[in-house]
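These notes concern the structure reproduced below.
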Amino acid sequence: MEKLLGEFSIGLFFWQTVLFLALLFLLRKYAWRPILNAVNEREEGIKNALDEAENARKEMQNLNADNERILKEARAQRDSLLKEAREMKESIIAEAKGEAQAQANKVVEQAQATIQAEKQAAIIDIKNQIAELSVGIAEKVVRDELSDKKKQVKLVEEMLKEVTIS
Amino acid sequence: MQRKNLVKTLTLFLLVITFSVNAQHESKVEAHGEKDLKSTIKEYIQHHLQDSYDFSLTSYTKENGEHVYIGAPLPVILWDNGLQVFSSSKFHHGETVAQVGENNYKVYHGKIYKTDAAGTINYDDHHHATNAKPLDFSITKNVVVIFLVGLLMFFLFRGLANSYAKNNGIATGAGRFFEPIILYIRDDIAIPNIGEKKYKKYMPYLLTVFFFIWIINMLGLTPIGVNVTNSISVTVALALITFLITNFTGTKDYWLHIFDPLGSSMPWIAKIPLYIILIPIEVLGIFIKPFSLLIRLYANIKAGHIVLMSLIGLMFIFKSWLGSPLSFGLAFAISLIELLVALLQAYIFTMLSALYFGFAAEEHEHHEEHAH
């Protein structure tokens with residue numbers, strides 16, 4: 001310890017401190033700051049560039065995904081359009097068919113009704129004609145019957161008989 | 001985890017080597033009392049480990065016994081009833097007394113003492129010099145090296161910063177080498193220890209201290225004989241800055257952890273007897289942490305230098321066909337390890353500083369966690 005203290009030189013200590021501190025401050029200002037800043041900047045630059053590349057890649061991926069999605073959507077839309085059109089076509093056809101059927105039915109019904117009416121009218125006409133004919137025939141028969149007195153009296157007698165019976 | 005274990009093993013290995021080789025060396029030198037080759041080597045090592053007042057790269061002795069030094073003298077700055085500034089060439093490498101005005105100074109054991117004109121050094125009973133020591137603010141070799149390393153670092157990293165500005169945030173040239181280290185300190189030292197939120201504040205210090213220690217340690221392994229981080233003054237200064245930063249940026253939680261480590265887990269009456277022991281320990285911890293930093297750096301680098309120079313010295317002692325190559329090989333191996341240690345010590349200093357800053361910057365949401 002004594003030897004150590006004996007070796008200690010205040011002058012050298014003083015100069016070392018002064019020179020070292022001067023060196024420290026000079027280097028800090030003129031060397032270490034610029035060097036560390038440059039290195040930091042460079043590292044940040046590299047990092048940024050990498051980040052940007054990564055971002056670009058992600059964006060690219062997103063774009064691709066978007067494209068895919070749009071394509072898929074378009075496809076789906078086309079499919080749905082086609083489906084809709086098909087459905088519409090079918091429904092139109094079905095509707096038309098139904099309408100036609102109804103129309104046909106209606107026509108048939110009307111025809112039947114008309115036929116029925118005609119038939120009725122014909123029957124009534126026939127009935128009328130039969131009645132007229134029968135009246136004519138009866139007139140002729142009655143005229144023949146009432147041509148002689150005997151026959152008239154007989155008829156009246158017969159009728160009176162009938163009346164008293166009933 | 002594996003790496004941590006490796007570091008631990010290596011450090012242990014190194015410490016063992018350091019102590020064993022060092023002890024061996026000491027005993028060998030002690031055995032021979034006379035001033036022979038061994039004690040010359042020992043003196044040389046001691047001299048190398050000391051700071052010096054001139055910047056001499058190497059020296060040799062002419063045939064007529066005259067020492068010739070290659071290098072330059074440095075200014076000596078003393079405060080001795082007024083500022084005294086003179087060139088270290090006046091000392092003639094510690095061989096003569098420097099006369100400045102009315103005062104005489106002499107270098108003795110690496111320190112400047114005030115003496116009479118003849119350069120007499122007076123000793124007390126313990127063989128310590130009793131001469132007056134003026135306050136010494138000299139620009140020594142170490143100060144010059146620290147300054148040069150500072151300059152080098154400033155231009156190096158200023159250039160790096162500029163290259164970022166010029167090339168749109170991409171480093172060029174030497175920056176390619178330094179940028180991973182800076183990023184390592186940020187990502188593996190600062191952020192895990194301090195946390196994402198606050199690490200930025202501490203980054204300049206961590207980076208500066210890491211590169212400063214590393215570069216200076218590496219320079220210490222070059223043959224120009226620089227040895228800065230093995231001066232306790234330097235490591236004290238560094239650890240003191242870590243200490244000050246730690247305590248000045250300490251949050252409420254940090255201080256609470258020191259003065260109320262048990263938190264609300266116990267009634268206050270039960271805490272009193274515990275705290276009589278706990279609080280002094282925690283407070284001592286504040287100082288022990290940076291102290292361990294300064295001793296670790298100092299001791300590792302100093303031990304490394306001693307081992308390396310001792311092994312090189314052994315080559316001259318053995319002077320045999322077996323011993324010298326062997327010690328050369330050993331010195332080479334130790335040099336390689338020292339290269340690693342230079343980096344490792346810088347890493348450990350930075351790592352532990354970051355760890356202490358992390359303690360200081362911590363902010364707990366759950367105070368109950370303090371209990372354990």
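Only heavy atoms go into these numbers, but all of them, side chains included; no hydrogens, no water, no symmetry mates. Protein chains get the first letters and strands the later ones, always in sequence-line order, with residue 1 at the start of each. No experiment lies behind these values; they were computed from the predicted model shown.
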Checklist entry - How far apart are the C-alpha atoms of A/E73 and A/R69, what are their side-chain angles, what is the distance that settles it, and do they pass the salt bridge (charged side-chain N to carboxylate O under 4.0 Å, His left out) test? => result CA-CA 6 Å; A/E73 271 176 11; A/R69 193 175 49 81; 3.2 Å; yes
Item to check | Engaged part of B/F211 at the chain A interface, taking heavy atoms whose separation is under 4.5 Å | outcome: side chain
Next on the checklist: Please determine whether a side-chain nitrogen of the Lys or Arg among A/E157 and A/K161 lies less than 4.0 Å from a carboxylate oxygen of the Asp or Glu.
Outcome noted: no
Checklist entry - Between B/K141 and chain A, which part of the residue has a heavy atom less than 4.5 Å away: side chain, backbone, both or neither? => result neither
Next on the checklist: So that I can tick it off, tell me whether A/R143 and A/E139 are bridged by a salt bridge, with the cut-off set at under 4.0 angstrom between side-chain N and carboxylate O.
Outcome noted: yes
Item to check | Contact winner vs chain B - A/F25, A/F14, A/F20, heavy-atom pairs under 4.5 Å | outcome: A/F20
Next on the checklist: One pair to check against ring pair (Phe, Tyr, Trp, His ring centres under 6.0 Å): B/F357 and B/Y199. What are the steps and the verdict?
Outcome noted: CA-CA 9 Å; B/F357 296 158; B/Y199 80 94; over 10 Å; no
Checklist entry - If you count heavy-atom pairs under 4.5 Å between each of B/L240, B/T140, B/L238, B/I295 and chain A, which one has the most? => result B/L238
Next on the checklist: Need one label for B/F147: side chain, backbone, both or neither, based on atoms under 4.5 Å from any heavy atom in chain A.
Outcome noted: both
Checklist entry - Which region of B/L156, side chain (C-beta onward) or backbone (N, CA, C, O), has a non-hydrogen atom less than 4.5 Å from a non-hydrogen atom of chain A, or is it both or neither? => result neither
Item to check | ring pair (Phe, Tyr, Trp, His ring centres under 6.0 Å) partner of B/F178, the single match among B/W214, B/F210, B/F157, B/Y184 | outcome: B/F157
Checklist entry - Does any heavy atom of chain A fall under 4.5 Å from the side chain of B/V209, the backbone, both, or neither of them? => result both
Checklist outcome for this item: So, the part of A/L12 with a heavy atom under 4.5 Å from chain B: the answer is both
Checklist outcome for this item: Of B/I232, B/T208, B/N142, the largest count of non-hydrogen pairs under 4.5 angstrom with chain A goes to B/T208
Checklist outcome for this item: Under 4.5 Å to a heavy atom of chain A? For B/N167 that would be neither
Checklist entry - Do you know which of B/M203, B/K200, B/R186 has the most heavy-atom pairs with chain A at a distance under 4.5 angstrom? => result B/R186
Checklist outcome for this item: Taken to the nearest 0.5 Å, the spacing of B/Y205 OH from A/L21 CG works out to 9.0 Å
Next on the checklist: Please classify the contact between B/L207 and chain A as side chain, backbone, both or neither, with a heavy-atom cut-off of under 4.5 Å.
Outcome noted: both
Checklist entry - Around atom CD of A/E95, are there more than 12 heavy atoms of other residues, nucleotides or ligands at under 6.0 Å? => result no
Checklist entry - Which answer fits A/F8, side chain, backbone, both or neither, if we ask what part of it has an atom under 4.5 Å from a heavy atom of chain B? => result both
Checklist entry - With respect to chain B, which residue among A/I35, A/L23, A/I10 yields the maximal number of heavy-atom pairs within a distance under 4.5 Å? => result A/I35
Checklist entry - Does any donor atom in the side chain of B/S233 or A/S9 lie under 3.5 Å from an acceptor atom in the other side chain? => result no
Checklist entry - Would B/F137 and A/W15 count as a ring pair (Phe, Tyr, Trp, His ring centres under 6.0 Å) if you check the C-alpha gap in whole Å, the side-chain angles of each, and the deciding distance to 0.1 Å? => result CA-CA 8 Å; B/F137 290 103; A/W15 286 114; 7.3 Å; no
